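Residue indices begin at 1 and follow the sequence shown. Counting starts at 1 for both ligands and their atoms, in listed order. Note that the structure is a prediction, hence the values are computed from the model and not measured. All values below come from the heavy atoms of this structure, side chains included, with hydrogens, waters and symmetry mates left out.
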Amino acid sequence: MMSDEYPVPEEWMADISKILFTEAQIQARVAALGRQIVHDYADKKPVLVGVLKGVIFFMADLLRAINIPVEVDFMSVSNYSPELRDKGVVRLVKDLEMPIEGRHVIFVEDIIDTGLTINYLLRNLRARQPASLEVCVLFNKEKRRLIDLPLRYKGFDVPDNYIVGYGLDYREQYRNLPFVGLLKAQALHQPAHPATGL
Ligand code: 5GP
């Protein structure tokens, strides 16, 4: 695969079987989402809430595409065992720093798969009584969805394959690829890191 047009690690390029969305395609879509949000929240000073770390590229670009007053905050979660995860239980490792009661909140997500994680977090945020709560997701993997989620802002529908890049990782790798691509099967089965288990 040609890689000279991307300033990315050569050995990671070799793990990508296909580029699904180029940097330019992502930027154009994110700009359009920003325009929609500007239109809908002109006088509302929304709070954009993201979950670390996958959302960092999307959040940074989305914020820059919004030219009205806006605030941002982050939370961080870690999944429990696969069994608990299947029940939609996640552990809040870092909470928001600002109160959101009475605020117009936009929950910004990089990718939604089954919907269990975001469903848990939306319930948690709703309990804090924001004035409104909407979802803005960049990559929507509808095929495995278990929960009916209203997605106010949606970037791209993606197939049921594991994607990496633009903030999305596999075992903490590949986040800094500027595009989003499919991982080759062989790259998906690397042994876990002995120290971290990731
Ligand atoms: P859900 O609870 O919706 O099934 O899981 C969502 C989480 O799973 C995402 O926040 C992300 O961490 C992870 N995830 C699901 N699909 C993918 C994927 O294709 N690529 C990456 N990098 N993470 C994914």
Side-chain angles (χ1 to χ4, degrees), residues 8-9 12-13 15-23 25-26 29-30 48-62 73-96 106-126 133-190 192-193 196-198:
V8 299
W12 285 2
M13 285 303 294
D15 292 339
I16 303 297
S17 61
K18 185 179 175 195
I19 293 176
L20 284 186
F21 305 106
T22 64
E23 192 174 5
Q25 287 171 323
I26 296 170
R29 195 69 198 103
V30 173
L48 270 53
V49 166
V51 179
L52 296 171
K53 299 181 256 185
V55 81
I56 54 174
F57 282 42
F58 179 36
M59 184 67 96
D61 287 339
L62 185 63
D73 206 349
F74 293 97
M75 49 210 310
S76 181
V77 301
S78 103
N79 293 120
Y80 283 115
S81 61
E83 298 72 44
L84 278 176
R85 189 188 170 281
D86 287 349
K87 296 199 179 86
V89 179
V90 298
R91 185 163 60 96
L92 215 57
V93 177
K94 180 207 170 299
D95 200 358
L96 297 179
I106 306 175
F107 191 89
V108 179
E109 259 288 39
D110 43 1
I111 184 163
I112 304 177
D113 185 11
T114 62
L116 290 171
T117 311
I118 189 173
N119 189 51
Y120 176 89
L121 293 171
L122 287 176
R123 258 189 288 139
N124 180 303
L125 294 179
R126 225 173 266 127
L133 180 60
E134 300 288 350
V135 176
C136 176
V137 60
L138 187 56
F139 299 110
N140 182 40
K141 218 186 242 188
E142 193 82 37
K143 185 118 187 283
R144 303 194 330 134
R145 188 67 36 84
L146 296 174
I147 313 262
D148 187 26
L149 289 171
L151 305 177
R152 175 79 174 264
Y153 308 99
K154 198 171 70 170
F156 301 97
D157 285 309
V158 294
D160 185 19
N161 296 102
Y162 202 83
I163 62 175
V164 293
Y166 194 67
L168 292 171
D169 75 312
Y170 176 65
R171 292 182 174 167
E172 293 303 326
Q173 303 192 79
Y174 309 106
R175 289 196 200 275
N176 59 329
L177 298 177
F179 53 81
V180 159
L182 296 184
L183 265 191
K184 287 181 184 164
Q186 75 225 38
L188 266 171
H189 300 294
Q190 294 158 354
H193 187 282
T196 62
L198 293 172

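Note: no N/O pair closer than 3.5 Å links Tyr170 and ligand 1 by distance alone. The shortest N or O to N or O distance between Glu109 and ligand 1 is not under 3.5 Å.
Distances from atom 1 (P) of ligand 1 to the heavy atoms of Thr114, Ile147, Asn161 show the closest one on Thr114.
Neither the backbone nor the side chain of Val51 has a heavy atom within less than 4.0 Å of ligand 1. Heavy atoms of Lys141 found under 4.0 angstrom from ligand 1 belong exclusively to the side chain.
More than 12 non-hydrogen atoms from other residues, nucleotides or ligands lie less than 6.0 angstrom from NZ of Lys184. Counting non-hydrogen atoms of other residues, nucleotides and ligands closer than 6.0 Å to CG of Asp148 gives a total of 12 or fewer.
None of Asn140, Leu138, Val137, Val49 except one satisfies the side-chain contact (heavy atoms from CB on, under 4.5 Å) rule with Glu109; the exception is Val137. Test Asn119, Asp113, Leu116 against Leu146 for side-chain contact (heavy atoms from CB on, under 4.5 Å) and you get one pass: Leu116. Partner of Leu177 under the side-chain contact (heavy atoms from CB on, under 4.5 Å) criterion, out of Ile16, Ile19, Asp169, Asp15: Ile16 alone. For the ring-ring contact (aromatic ring centres under 6.0 Å, His included) criterion with Tyr166, the lone passing option out of Phe21, Phe179, Phe57 is Phe57.
For Ile163, the closest heavy-atom approach to ligand 1 falls below 4.0 Å. Look at Tyr162 and you'll find a heavy atom under 4.0 Å from some atom of ligand 1. In this structure, Val164 does not count as a contact residue of ligand 1, since none of its heavy atoms falls inside 4.0 Å of the ligand.
Distances below 4.0 Å separate heavy atoms of Asp169 from the following atoms of ligand 1: 21 (C), 22 (N). Every atom of ligand 1 with a heavy atom of Gly115 under 4.0 Å away is listed here by number and element: 1 (P), 3 (O), 4 (O).
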Q: Please assess Leu20 against Leu182 for the test side-chain contact (heavy atoms from CB on, under 4.5 Å), listing each intermediate value before the final yes or no.
A: CA-CA 7 Å; Leu20 284 186; Leu182 296 184; 3.7 Å; yes
